[in-house]
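Take a look at the structure set out below.
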Amino acid sequence: QVRLVESGGGLVQAGGSLRLPCAFYGRAFTNHAMGWFRQAPGKERELVAAIGWRGGSTLYADSVKGQFTISRDNARNTLSLQMNTLKPEDTAVYYCAARPSLSPSASTAQYDYWGQGTQVTVSS
């Protein structure tokens, strides 16, 4: 069984930065590709970024390329999302997800495990 716990959300002004960590509890972190998704009120959950098991393969939503960076520490079983130059449209609940595969995916349907989510609010 896998359990994911996100933290690091909060309220930040536009232009600011936040780092979201996600702790992976369970076996074989390195057997899982990981992803960050977000869901704003009234909208569908969407990919933010995803990363393969060794960190060499990444996917980013076009809206966050050059702004956000996904990374993983396989020694500490943690996933991170560094978010810079935040904008009000980045406001959403951010979810960490795990996929029992070596390769990342942009599809929510490909992920078996989800965290509870952490709220990120960017004020203008």
Side-chain angles (χ1 to χ4, degrees):
Q1 188 70 5
V2 170
R3 186 166 68 95
L4 304 173
V5 179
E6 307 98 334
S7 59
L11 174 64
V12 63
Q13 288 189 331
S17 297
L18 278 177
R19 185 175 183 88
L20 303 183
C22 171
F24 177 104
Y25 297 97
R27 298 177 65 179
F29 179 58
T30 52
N31 285 356
H32 292 79
M34 302 293 295
W36 284 101
F37 292 79
R38 67 186 180 187
Q39 188 166 18
K43 294 188 177 182
E44 292 188 354
R45 193 170 296 188
E46 63 176 9
L47 172 77
V48 176
I51 189 166
W53 74 284
R54 285 194 295 188
S57 178
T58 56
L59 298 173
Y60 287 94
D62 288 343
S63 59
V64 305
K65 284 180 181 176
Q67 182 189 356
F68 292 3
T69 302
I70 189 171
S71 61
R72 63 188 295 162
D73 184 339
N74 287 344
R76 291 183 169 85
N77 285 11
T78 58
L79 175 74
S80 295
L81 183 69
Q82 178 66 42
M83 304 186 294
N84 297 328
T85 321
L86 284 160
K87 308 167 188 174
E89 52 263 43
D90 294 318
T91 295
V93 177
Y94 283 71
Y95 297 90
C96 172
R99 175 172 186 248
S101 169
L102 303 183
S103 301
S105 172
S107 170
T108 57
Q110 297 295 318
Y111 290 81
D112 289 0
Y113 306 102
W114 293 84
Q116 81 286 353
T118 185
Q119 176 70 48
V120 172
T121 303
V122 185
S123 63
S124 57

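Between D73 and F29, the closest heavy-atom pair is O-CE2, 3.8 Å. Of all heavy-atom pairs spanning M34 and A98, the tightest one is SD-CB, 3.6 Å. Between T69 and Y60, the shortest heavy-atom distance links the atoms CA-OH, 3.4 Å. What you find for R19 and P21 is that their closest heavy atoms are O-CD, 3.4 Å. Between T91 and A40, the closest heavy-atom pair is O-CB, 3.8 Å. Residues R72 and T30 share a closest heavy-atom pair of NH2-CA, 4.1 Å.
Put simply, the side chain of N74 never gets that close to the backbone of R54: no donor and acceptor are under 3.5 Å apart. Remark: side-chain polar atoms of E6 are paired, donor with acceptor, to backbone N or O of Q116 under 3.5 angstrom.
At a threshold of 4.5 Å between side-chain heavy atoms, the hydrophobic network of Ile, Leu, Val, Met, Phe, Trp and Tyr places L79 and V93 in two separate groups. Cluster annotation: L86 and L20 are assigned to the same hydrophobic cluster (Ile/Leu/Val/Met/Phe/Trp/Tyr, side-chain heavy-atom contacts under 4.5 Å, transitive). F68 and V12 end up in the same hydrophobic cluster when Ile, Leu, Val, Met, Phe, Trp and Tyr side chains are linked at under 4.5 Å. W53 and L47 are assigned to two separate hydrophobic clusters, defined by single-linkage of ILVMFWY side chains at heavy-atom distances under 4.5 Å. Connection of I70 to M83 is established within a shared hydrophobic cluster, with ILVMFWY side chains joined at heavy-atom distances below 4.5 Å, either directly or through further cluster members.
A distance of 14.0 Å separates OG in S124 from NZ in K87, rounded to the nearest 0.5 Å. Between L81 atom CG and S71 atom OG the span is 8.5 Å, to the nearest 0.5 Å. To the nearest 0.5 Å, atom CZ of residue R99 and atom CG of residue L102 are 9.0 Å apart. Between atom OG1 of residue T118 and atom CG of residue L18 there is a gap of 9.0 Å, rounded to the nearest 0.5 Å.
Using modelled atom types and a 3.5 Å distance limit, the side chains of Q82 and S80 yield no donor-acceptor pair.
Annotation: salt bridge (Lys or Arg N to Asp or Glu O under 4.0 Å) contacts of D112 (sequence neighbours excluded): none. With sequence neighbours left out, the side chain to side chain contact (heavy atoms under 4.5 Å, CB included) criterion links N31 to A28. In terms of the side chain to side chain contact (heavy atoms under 4.5 Å, CB included) criterion, residue partners of S107 (sequence neighbours excluded) are, by chain and number, S105, A109, Q110.
Counting heavy atoms from C-beta on, the side chains of C22 and W36 come closer than 4.5 Å. N84 has its side chain within reach of S17: a pair of non-hydrogen atoms, C-beta onward, lies under 4.5 Å apart.
For the ring pair (Phe, Tyr, Trp, His ring centres under 6.0 Å) condition, the pairs that include at least one residue of residues 85-124, sequence neighbours left out, are F37-Y111, F37-W114. Residue pairs meeting the salt bridge (charged side-chain N to carboxylate O under 4.0 Å, His left out) criterion with at least one partner in residues 31-49, sequence neighbours excluded, are R38-E46, R38-D90.
V5 belongs to a hydrophobic cluster whose other members, connected by ILVMFWY side-chain contacts under 4.5 Å either directly or through intermediates, are Y25.
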